[in-house]
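Each chain gets a letter, A, B and so on, in the order its sequence line appears, and its residues count up from 1.
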Amino acid sequence: MFELLSEPVRKYIRDKRWESLRPIQAAAIEKIMTTSLNLILASRTASGKTEAAFLPILSKVDFAQPSVQVLYISPLIALINDQFTRIEDLCAYLDVSVTKWHGEASQARKKNLVKNPNGVLLITPESLEAMLVNAPYNAKTLFSGLKYVVIDEIHSFIGADRGIQLKSILSRLQYLNTHTFVVVGLSATIGDYTEAKKMTGDPDHTKVLLDRTAKEMEANFKYFKMEAADLPLALMKDLYLNTMANKVLIFPNSRGRAEEIAVKLKKISDKVNGHSNYFSHHSSIDKELREYIEHFAKTNVRFPFAISCTSTLELGIDIGSVDKVVQVDATYSISSLIQRIGRSGRRDGEVSKLLFYATDKWNLLQSLACFDLYKEGFIEPVNVIRQPFDILLHQMLAYVKQLSGCTRAMLWERVRENYAFDQVAEQDFDAILTQLLEKDLLELIGGELIIGVEGEWVVNNKDFYSVFKTEPAYKVLNYDKPIGEIPFSPQLNEDENLLLAARIWKIIEVDHTAKKISVIPAKDGKKPIFSGSGADLHPKIRERMLQLLTESEEIPELDETSIDILREFRSEFRNYRIESLEDDRPALLKEGTIQLYSFHGTRVNKSLHFLFDLIGQESNYLEQTSSFTFTGGKAELLSFIAEAIQILEDIDFHLENIVLTKPSIMEFSKWGHFLPLQLKCRLLNDKYFDFYGARDFLDRVSLVVIEFE
DNA sequence: GACCTGCTGCGGCTTG
């Protein structure tokens with residue numbers, strides 16, 4: 001394949017002293033050099049996917065033309081900054097210029113590129129959106145001759161609102177282009193190839209190149225029972241001993257927990273004169289601090305360190321190789337687990353090392369289920385929203401602004417041709433349009449649709465460019481030094497202490513007008529309170545949890561305590577005699593209550609809970625155990641199930657009712673609250689609930705009841 | 001008890 005590449009690119013490879021091309025690189029070179037197919041490159045982390053795309057693209061494209069030739073799109077600014085150096089290094093061999101374009105990139109460089117459009121551009125979807133609505137002429141100048149679009153970490157877009165927006169943006173870019181550009185998507189974790197192919201807009205001309213080679217991995221499971229709000233001391237000591245001499249990433253599932261771990265490990269380390277390289281890394285920590293930590297991890301070769309983090313360090317940002325990855329309690333998805341495993345053992349011949357800690361039996365079970373499915377190569381498919389009305393509404397506003405007004409016919413034509421919305425009917429488009437006019441977001445003047453009075457506020461706000469919601473936050477400052485930004489909670493009062501950026505602070509002043517919190521260092525404090533909602537769990541994970549309970553096979557990676565806990569847990573459920581994993585579900589009778597374990601995914605559980613509420617049977621719903629507890633016995637539960645099935649017949653009426661009586665239910669969608677009632681309900685149905693799954697569950701469920709003695 | 005992601009243009013200021 002080497003021979004297919006252009007001479008400057010071959011020189012680059014020789015200078016790098018690569019002995020051979022990786023399988024994904026060889027395959028991509030062949031396809032890109034000899035065809036014009038769109039591609040999805042799926043291969044594990046650190047397998048050279050970026051080069052797999054760029055070596056042949058740079059060999060093939062003629063950069064003499066006055067247009068950006070290659071557009072690289074990333075979900076993260078940090079990833080752009082990281083890839084910039086690598087791509088620039090490669091492009092230097094061809095005398096091709098590379099430009100960063102995102103909210104924190106240099107304005108001057110952006111202006112220069114507009115004056116002289118050329119080379120490779122690295123950008124975020126939101127920056128593309130901003131350019132399209134604010135300066136469509138720039139987009140036209142820059143991209144009229146675009147040849148390739150490379151989408152990095154494409155799995156983070158697939159099945160997400162941001163992915164629908166990106167599809168729409170690609171469609172809008174294609175409209176400006178004189179010919180068709182080729183799309184190449186990169187990812188290590190694709191669970192749904194059909195959806196991945198649809199990202200390119202032309203699934204029939206999209207080929208998936210897949211390298212299934214997995215990294216060797218060592219996994220260990222440990223168990224420490226959580227008795228209070230804080231992590232048990234024994235766990236912390238064990239974690240310290242297992243990480244003190246290594247470079248590690250620790251993934252608990254929340255920002256608060258990440259702080260708790262960083263501060264406690266540092267405390268233990270101080271006591272025994274260990275190293276002091278303990279950090280926390282998550283969305284509430286100041287950007288510069290985060291960059292410092294990333295830089296430290298990347299450049300430091302000699303010293304051990306530990307970064308306690310959330311999914312901020314899950315995607316491809318190169319922080320060098322770590323020796324070990326620690327997962328505290330279960331991940332929400334296999335996809336996330338794969339990304340995290342990929343952070344360690346990045347060099348050839350290295351083994352990925354993963355250490356799981358569980359703090360209760362349900363988390364142990366969930367971790368084992370994820371691990372089991374991971375070994376089988378399962379990655380959860382995404383929840384596909386066929387009619388994304390909320391994103392469509394946003395894109396309709398974007399179109400009107402981009403076109404500086406247009407007729408209804410023209411707008412419908414654009415939407416109809418936009419592959420992000422190919423399942424949307426004209427009458428639904430019209431319903432949204434009517435609503436936009438009614439709310440003064442749009443205005444109709446002389447047959448032209450223009451941005452309305454209310455619309456001006458919306459589209460001229462910098463919050464317009466993104467399709468996801470963020471909560472308002474307070475800046476935390478130590479004198480003038482920013483530490484981070486955290487959402488307001490009653491905990492934030494003068495004289496309270498809190499943990500942030502792996503340090504303990506005392507609050508000396510809360511300024512509600514300026515939304516600023518002044519802090520000084522302190523000795524002891526509580527972890528900050530965050531009001532997030534966890535990610536949805538896929539039904540397959542819960543089903544595997546039930547399966548693991550009914551089996552008796554020993555799992556070699558468990559420590560003694562985990563073995564005992566699992567054995568006990570299994571014997572508890574053995575009494576239920578589950579025969580069909582699909583239909584049989586345990587129900588526990590205890591002191592006049594009955595607890596139904598659905599072992600189903602989050603969306604179905606939310607739907608079941610909603611249905612039980614509707615029939616007036618308030619249940620105690622616990623997502624972690626996937627269970628519902630009612631007053632009564634088996635007969636009552638059976639009648640609740642029958643009633644729930646009954647009420648599903650009128651679900652549309654009940655959805656309308658909930659939207660009218662409790663508008664806050666639409667908070668899951670940033671733009672959904674502008675939709676007409678009918679479409680709000682349909683969006684709730686598709687995105688928030690899963691009544692189809694709930695109906696299927698209720699129809700098939702067969703109760704296996706056991707009485708608690 | 002619960003993840004994450006991004007951000008224009010312009011007026012007004014300082015500085016070289």
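Across the protein-nucleic acid pair, A:Gln327 atom CD and B:dC3 atom P stand 13 Å apart, rounded to whole Å. B:dC4 atom P lies 17 Å from atom NZ of A:Lys469, rounded to whole Å. A:Ile123 has its CD1 atom 19 Å from the P atom of B:dT5, to the nearest Å. As rounded to whole Å, 13 Å separates atom P of B:dC7 from atom NE2 of A:His394. Taking atom NZ of residue A:Lys110 and atom P of nucleotide B:dC7, one finds them 7 Å apart after rounding to whole Å. Computed from coordinates, the A:His155 NE2 to B:dC4 P distance equals 15 Å when rounded to whole Å. Protein atom CH2 of A:Trp457 is 20 Å distant from nucleotide atom P of B:dT8, rounded to whole Å. Between the C1' atom of B:dT5 and the CD atom of A:Glu471 lies a distance of 13 Å, rounded to the nearest Å.
Remark: A:Arg162 is not in phosphate contact with B:dC4, judged by side-chain N or O atoms under 4.0 Å from OP1 or OP2. Distances shorter than 4.0 Å separate none of the side-chain N or O atoms of A:Ser466 from OP1 or OP2 on B:dC7. Between A:Arg290 and B:dT5, a side-chain N or O to OP1/OP2 separation shorter than 4.0 Å is present. For the OP1/OP2 pair of B:dG1 and a distance below 4.0 Å, the side-chain nitrogens and oxygens of A:Ser254 include no atom meeting the criterion.
In this structure, A:Thr310 reaches the sugar-phosphate backbone alone: every heavy-atom distance under 4.0 Å involves primed, P, OP1 or OP2 atoms, never a base. Within 4.0 Å (heavy atoms only), A:Leu315 reaches no atom of the nucleic acid at all.
Comparing B:dC4, B:dC7, B:dG9 by their nearest atom to the side chain of A:Thr124 picks out B:dC7. Of all nucleotides listed (B:dC3, B:dG1, B:dG6), B:dG1 comes nearest to the side chain of A:Glu623. The side chain of A:Glu126 has B:dC7 as its nearest neighbour among B:dC4, B:dT8, B:dC7. In the set B:dC4, B:dA2, B:dC7, B:dC4 carries the atom at the smallest distance from any side-chain atom of A:His282. For A:Arg255, whose side chain is taken as the heavy atoms from C-beta onward, the closest listed nucleotide among B:dG6, B:dC4, B:dT8 is B:dC4.
Among the candidates A:Leu442, A:Ile451, A:Val400, the single residue satisfying the side-chain contact (heavy atoms from CB on, under 4.5 Å) test with A:Leu436 is A:Leu442.
If you find the closest nucleotide of DNA chain B to A:Met131 and to A:Tyr621, the one lying nearer the 5' end belongs to A:Tyr621. Each of A:Ala135 and A:Ser311 has a nearest nucleotide on DNA chain B; the 5'-most of these lies closest to A:Ser311.
Remark: A:Trp101 engages no residue in a ring-ring contact (aromatic ring centres under 6.0 Å, His included) (not counting sequence neighbours).
Residues A:Arg542 and A:Met545 form a side-chain contact, since some pair of their non-hydrogen atoms from C-beta on lies under 4.5 Å apart.
Below the 3.5 angstrom threshold, one finds no donor paired with an acceptor across the side chain of A:Asn460 and the base of B:dG9. For B:dG6, its base sits under 3.5 Å from the side chain of A:Thr470 at one donor and acceptor pair at least.
Cation-pi check for A:Arg162 over A:Phe468 is not met; the charged atom does not lie both under 6.0 angstrom from the ring centroid and within 45 degrees of its normal.
Here the shortest heavy-atom pairing between A:Asp82 and A:Lys298 reads OD1-NZ, 2.9 Å.
Ring-base stacking between A:Tyr465 and B:dT8 is not satisfied when judged by a centre separation under 5.5 Å and a plane angle under 30°.
When the shell of 6.0 Å around NZ of A:Lys475 is examined, it contains 12 or fewer heavy atoms from other residues, nucleotides or ligands.
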